[in-house]
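Values in this document were obtained by computation on a predicted structure and should not be read as measured data. Letters A, B, ... are given to chains in the order of the sequence lines, protein chains preceding strands, and every chain is numbered from 1. All values below come from the heavy atoms of this structure, side chains included, with hydrogens, waters and symmetry mates left out.
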Protein chains: 2
Amino acid sequence: MFSKTCEYGLRAVIFIAQQAKTNKKVSISAISEAIDSPQAFTAKVLQQLTKHKIVQSIKGPFGGFFIEEKNLKTISLSHIVQVLDGDGIYTGCGLGLQQCNDKEPCPLHFKFINIRENLKKMLENTTLLELSSDKNIANYYLKN
Amino acid sequence: MFSKTCEYGLRAVIFIAQQAKTNKKVSISAISEAIDSPQAFTAKVLQQLTKHKIVQSIKGPFGGFFIEEKNLKTISLSHIVQVLDGDGIYTGCGLGLQQCNDKEPCPLHFKFINIRENLKKMLENTTLLELSSDKNIANYYLKN
DNA sequence: ACAATAAAAGACAATAATATCTTTTATTGT
DNA sequence: ACAATAAAAGATATTATTGTCTTTTATTGT
């Protein structure tokens, strides 16, 4: 479904968001430990997300990554996926055709529209605010 | 969504199915031309599908690939995807966790269930019979 | 100023996916 | 038997993804 880059990115952002209430900054080593991901690779992913203002970072002692609490409700999973995997998941053809649209559809085009729309809505409607709730933290896992 | 292997495989099988009525065999060069795919690579994909009895093949002059007309209604897209991409698309975790289930779910687990189910049903319910109808052939494209 | 810390940036390495090329095997018609 | 055809099988090449390592830059406290 998503690339490894995107998987790590989503898990990392969710973890950072879950620490946002205390306005706590988290280091890359803490993140990769919490989500069980390769540290250096995850650092690269977070670089991209920092450039795109999804997360913020501060260098040096007591530095790390964080998300301002007021941004939690405006950042959706759709943003993150868009940055890391592009919009292929929304617009790409299921059979890999370059041009596939209502005028020139592949045999599965209209069958995929519904599924795509579901996925899109889910990603757009799921915000970091929801994912950082206490209930969420208590019931769901970011690693095995 | 799917790998290139699976995209080419699906398009190839649909094309072969569309020739099944006349019980016509189609060569790999005809297939790769019809679906605009790399010939040698597509041949490899068809080898896999032949081993799994999705399509049949005959070597030598007047040989080629074909699907028996009576099988068109029993072969679903789900079969093909399963063979070429495995069942990761159904069972895999959206966030990439090794273990992700109702007992130990990732934060998106229950949100994905619905989407997965939709996709699964679509792939299971779409048969080669449907995709090889005259209406289908007339209205949909397998290449640009 | 200096040492310590931590992210940013760049270079490099390993692996997997995609793609091509060559040889072998099976089938057909002459 | 032989040549031609076409898929199967194996080997190799290319590219993209994933992962690691080293150096640089920014920040903090002493």
Atom-pair distance ([atom1] on [X]; [atom2] on [N]), nearest Å:
{"X": "A/I16", "N": "C/dA6", "atom1": "CD1", "atom2": "P", "value": "15 Å"}
{"X": "B/F66", "N": "C/dT27", "atom1": "CZ", "atom2": "C1'", "value": "13 Å"}
{"X": "B/F65", "N": "D/dA7", "atom1": "CZ", "atom2": "P", "value": "5 Å"}
{"X": "B/Q56", "N": "D/dA8", "atom1": "CD", "atom2": "P", "value": "12 Å"}
{"X": "A/Q48", "N": "C/dA7", "atom1": "CD", "atom2": "P", "value": "17 Å"}
{"X": "B/L49", "N": "D/dA9", "atom1": "CG", "atom2": "P", "value": "13 Å"}
{"X": "B/D36", "N": "C/dT18", "atom1": "CG", "atom2": "P", "value": "16 Å"}
{"X": "A/I28", "N": "C/dA9", "atom1": "CD1", "atom2": "P", "value": "14 Å"}

Have a look at [X] and say if it touches a base, only the backbone sugar-phosphate, or nothing, with a 4.0 Å heavy-atom cut-off.
{"X": "A/T5", "value": "sugar-phosphate"}
{"X": "A/S29", "value": "nothing"}
{"X": "B/L46", "value": "nothing"}
{"X": "A/K25", "value": "nothing"}

Residue pairs involving residues 1-45 of chain B (criterion ring-ring contact (aromatic ring centres under 6.0 Å, His included); sequence neighbours excluded): B/Y8-B/F41
Any pair counted as ring-ring contact (aromatic ring centres under 6.0 Å, His included), so long as it reaches residues 69-99 of chain B, sequence neighbours left out: none
Residue pairs involving residues 128-143 of chain A (criterion salt bridge (Lys or Arg N to Asp or Glu O under 4.0 Å); sequence neighbours excluded): A/E33-A/K143, A/E130-B/K111
Pairs involving residues 5-18 of chain A, ordered by first then second residue, that meet salt bridge (Lys or Arg N to Asp or Glu O under 4.0 Å) (sequence neighbours left out): A/K4-A/E7
Of all pairs that satisfy side-chain hydrogen bond (donor to acceptor under 3.5 Å, both in side chains), the ones with a partner from [range], not counting sequence neighbours:
{"range": "residues 41-56 of chain A", "result": "A/S37-A/T42"}
{"range": "residues 60-70 of chain B", "result": "none"}
{"range": "residues 95-109 of chain A", "result": "A/D102-A/H109"}

Any A/T50 side-chain N or O less than 4.0 Å from OP1/OP2 of C/dA8: yes
Is a side-chain donor or acceptor of [X] paired with a backbone partner of [Y] at a separation under 3.5 angstrom?
{"X": "A/D36", "Y": "A/N144", "answer": "no"}
{"X": "B/Q18", "Y": "B/L131", "answer": "yes"}
{"X": "B/S132", "Y": "B/L129", "answer": "yes"}

Under 3.5 Å, N/O pairs linking protein and nucleotides 19-22 of chain D:
from	atom 1	to	atom 2	distance (Å)
D/dG19	OP1	A/Y8	OH	3.4
D/dG19	OP2	A/Y8	OH	3.0

Selected nucleotide, minimal atom distance to A/Q47 side chain, candidates D/dT18, D/dA9, C/dA9: C/dA9
Donor-acceptor pairs under 3.5 angstrom involving side-chain atoms of residues 60-67 of chain B: please list them, not counting sequence neighbours.
none

Which pairs, protein N/O on one side and nucleotides 2-5 of chain D N/O on the other, fall under 3.5 Å?
from	atom 1	to	atom 2	distance (Å)
D/dT5	O2	B/P61	N	3.4

Nucleic acid contacts - residues 79-91 of chain A versus DNA chain D, non-hydrogen atoms under 4.0 Å: none
Side chain to side chain contact (heavy atoms under 4.5 Å, CB included) assessment of B/L119 paired with B/M1: CA-CA 11 Å; B/L119 176 62; B/M1 178 108 265; 3.9 Å; yes
Hydrophobic cluster identity match, A/I137 and A/Y140, side-chain contacts under 4.5 Å: no
Min side-chain heavy-atom separation A/S29-A/Q39 under 4.5 Å: yes
Watson-Crick and G-U pairing of DNA chain C written in dot-bracket, each distance under 3.5 angstrom, with | for inter-strand partners: ||||||||||||||||||||||||||||||
